[in-house]
Number of protein chains: 2
Amino acid sequence: MQNYDLKHEVTDKYSLRGRVFNKIREDILSGKYKENDELKEIAIGEELGVSRTPVREAFRQLELEGLIQIIPNKGAYVTGITMEDVKDIYMIRSKLEGLCAAWACEHITEQQIEEMEENIYLAKFHAERGHFDQMSELDSRFHEVMYEACNSKMLEHLLKDFHQYVQRVRKRTLSTIDRSLASNNEHSKILEAIKARNPEEAERLATVHIHNAYKNMVKNGLKEAYNE
Amino acid sequence: MQNYDLKHEVTDKYSLRGRVFNKIREDILSGKYKENDELKEIAIGEELGVSRTPVREAFRQLELEGLIQIIPNKGAYVTGITMEDVKDIYMIRSKLEGLCAAWACEHITEQQIEEMEENIYLAKFHAERGHFDQMSELDSRFHEVMYEACNSKMLEHLLKDFHQYVQRVRKRTLSTIDRSLASNNEHSKILEAIKARNPEEAERLATVHIHNAYKNMVKNGLKEAYNE
DNA sequence: CGTTGCATTATTGTATACAATCATACACAG
DNA sequence: CTGTGTATGATTGTATACAATAATGCAACG
């Protein structure tokens, strides 16, 4: 994340470079390319039917995103995420999600509130039935709406990046009914605080929520998820 | 920003692309290229004596860093920083510097402590004499050492990016003897807390320190610095 | 006089060719 | 048998050529 940063930009979706970038990124995040895999310009270019140029440009961006590491004159390798990285990200996220929730108190729209309420309602339904894929999807979406609601492109982008970045290891760490219900309950409390326009409480709850998510992740399955 | 990402990597210093990247970045941060300036691949390539290829790759990275915006088939433009961006960055930084200071309590080395003490001592000297350039340099360095002391590559990189990003508007906002002395005093207090291995206090002080820096920035000169 | 359409030009997007660098294998010397 | 040196191949780094797209200016028309 490398690329941490102030990371920016909506990478162009319709240029070859943009498509290559998104494709490789997805493949890394989904696990098709694994840690330390070597990515070769020609191979990927042929696979996608493009020349090396757009592939190279995409590589440069992926490097800045921290998804790959480029060793000059040698090659591009998928970067690993250490358990320390994951921990760091969660600690950083907990602070920033808190800030985000606080800001959302001021800027959230009615429409966004409605979406979050619906999200919580749906999540409860799926959680009780153990539909973990839907849960994961809804969880991501809940946070995404909150990111948008904080009305800061800067913070929104940052949080989206972090969120995406840990997807690689997050896969099945929400996967117990207990945690799903608890998590959804926390979402509900956060939204209540935001609706009540209580930034301190919203911040506190959001911060704790991420801490809990991390604790749960460590408890059941970070190691396994990480080593597989 | 852009980016943020979790932005990574030490961009290669010796490849053409790396040199082009650093050069353009410096020129943007130093103000040579101003907001909304259009950067043309050929012109920059000729200026640096390289072809378009490395320039293009550098552009893609700068886009992700948030320093330029690329409009497909049109051009690359230096992005502006709005006053909202600056505020957001300072609020985000205040949280993260707090986290950084807290972590530093556990991981700081004797050598780093010494450098920070020396830094504070020197800064006092220069602050009293109105040597603002040296002050600015020392201020940056103080924070940099703390970033390194937190022992998280992730957080370190993130904070360095933010720090660099606001350099554009930070130019002369430390430029009063009063604020210089106060700021240095705050540094001293932060270091005391770190040395006392008191993460809560270190976090609180570091957070307040950035808030104060922002308040000072707004009070005297953000608007002017920004509009010039 | 203003507006629309087209032609021209400039600039970026992509592909390819060549140069530089690195990895590998093999031969040879010790 | 081991280690070193060299030659070969593969891969990336850079430059350039060509294609696609957007901006500009001018002319024709209303």
Side-chain angles (χ1 to χ4, degrees), chain A residues 2-3 8-28 32-79, chain B residues 2 8-25 27-28 32-79:
Chain A
Q2 310 119 7
N3 227 273
H8 247 249
E9 277 334 301
V10 185
T11 306
D12 177 23
K13 245 183 157 171
Y14 301 102
S15 69
L16 287 187
R17 166 183 61 86
R19 294 215 318 266
V20 172
F21 176 82
N22 286 321
K23 179 67 166 57
I24 300 175
R25 167 147 90 174
E26 237 175 81
D27 286 344
I28 292 177
K32 176 176 167 188
Y33 299 133
K34 295 191 180 47
E35 192 172 333
N36 295 324
D37 275 4
E38 182 169 1
L39 303 183
K40 287 176 196 139
E41 296 173 357
I42 297 176
I44 291 183
E46 283 179 354
E47 191 182 325
L48 303 179
V50 301
S51 78
R52 286 175 53 212
T53 307
V55 175
R56 283 179 60 82
E57 292 181 1
F59 274 20
R60 295 303 175 270
Q61 297 190 297
L62 289 163
E63 181 188 30
L64 227 61
E65 288 254 338
L67 292 174
I68 67 176
Q69 179 180 13
I70 296 176
I71 300 177
N73 293 310
K74 189 149 177 291
Y77 302 87
V78 177
T79 56
Chain B
Q2 116 211 189
H8 248 248
E9 277 333 303
V10 185
T11 305
D12 178 25
K13 244 184 157 171
Y14 301 101
S15 70
L16 287 187
R17 166 183 61 85
R19 294 213 321 262
V20 172
F21 176 82
N22 287 320
K23 179 67 166 58
I24 300 175
R25 167 148 90 173
D27 286 345
I28 292 177
K32 176 177 168 187
Y33 298 133
K34 295 189 180 47
E35 192 172 333
N36 295 324
D37 275 5
E38 182 170 0
L39 303 183
K40 287 174 197 142
E41 297 173 357
I42 297 176
I44 290 183
E46 283 179 355
E47 191 182 325
L48 303 180
V50 302
S51 79
R52 286 175 55 212
T53 307
V55 175
R56 283 179 60 83
E57 293 182 0
F59 274 20
R60 295 303 176 270
Q61 297 190 295
L62 289 164
E63 182 187 30
L64 229 62
E65 287 256 341
L67 291 174
I68 67 175
Q69 179 180 14
I70 296 175
I71 301 176
N73 292 312
K74 188 147 178 292
Y77 301 87
V78 177
T79 55

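Numbered from 1 within each chain, the chains take letters A, B, ... in sequence-line order.
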Less than 4.5 Å apart, any side-chain heavy atom of R19(A) and any of L48(A)?
no
Under 3.5 Å, is there a donor-acceptor pair between the side chain of D37(A) and the main chain of K34(A)?
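Answer holds: yes.
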Under 3.5 Å: donor-acceptor pair, side chain of T79(A), backbone of L67(A):
yes
Under 3.5 Å, which protein N or O atoms sit close to an N or O of nucleotides 16-19 of chain D? Give each pair with its distance.
residue: dT16(D); atom: O4; partner: T53(B); partner atom: OG1; Å: 3.4

Using whole Å, report how far [atom1] of [X] lies from [atom2] of [N].
X      : N       : atom1 : atom2 : answer
L48(A) : dA15(C) : CG    : C1'   : 15 Å
I70(A) : dT11(D) : CD1   : P     : 16 Å
E63(A) : dT12(D) : CD    : P     : 13 Å
K40(A) : dA23(C) : NZ    : P     : 13 Å
R17(A) : dT12(C) : CZ    : P     : 13 Å
I42(A) : dG9(D)  : CD1   : P     : 16 Å
I68(A) : dT12(D) : CD1   : P     : 11 Å
Q69(A) : dT12(D) : CD    : P     : 15 Å

Would you mind checking if E47(A) and K32(A) are paired as a salt bridge, meaning a charged N to carboxylate O distance below 4.0 Å?
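So K32(A) pairs with E47(A) through a salt bridge.
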With respect to the phosphate group of dA15(C), does any side-chain polar atom (N or O) of R56(B) fall under 4.0 Å of OP1 or OP2?
no
Between K74(B) and dT12(C), is there a contact of a side-chain N or O with OP1 or OP2 at under 4.0 Å?
no
Between V78(B) and E38(B), is the side-chain contact (heavy atoms from CB on, under 4.5 Å) condition met? List the steps.
CA-CA 7 Å; V78(B) 177; E38(B) 182 170 0; over 6 Å; no
Looking for any heavy atom pair under 4.0 Å, which part of the strands does I71(B) touch: base, sugar-phosphate only, or nothing?
nothing
Take F59(A) and V20(A), measure what side-chain contact (heavy atoms from CB on, under 4.5 Å) needs, and give me the verdict at the end.
CA-CA 9 Å; F59(A) 274 20; V20(A) 172; 5.8 Å; no
Strictly by modelled atom types, are R25(A) and Q61(A) linked by a side-chain donor-acceptor pair under 3.5 Å?
no
Options dT21(D), dT14(C), dG13(D), nucleotide nearest the side-chain atoms of N73(A):
dG13(D)
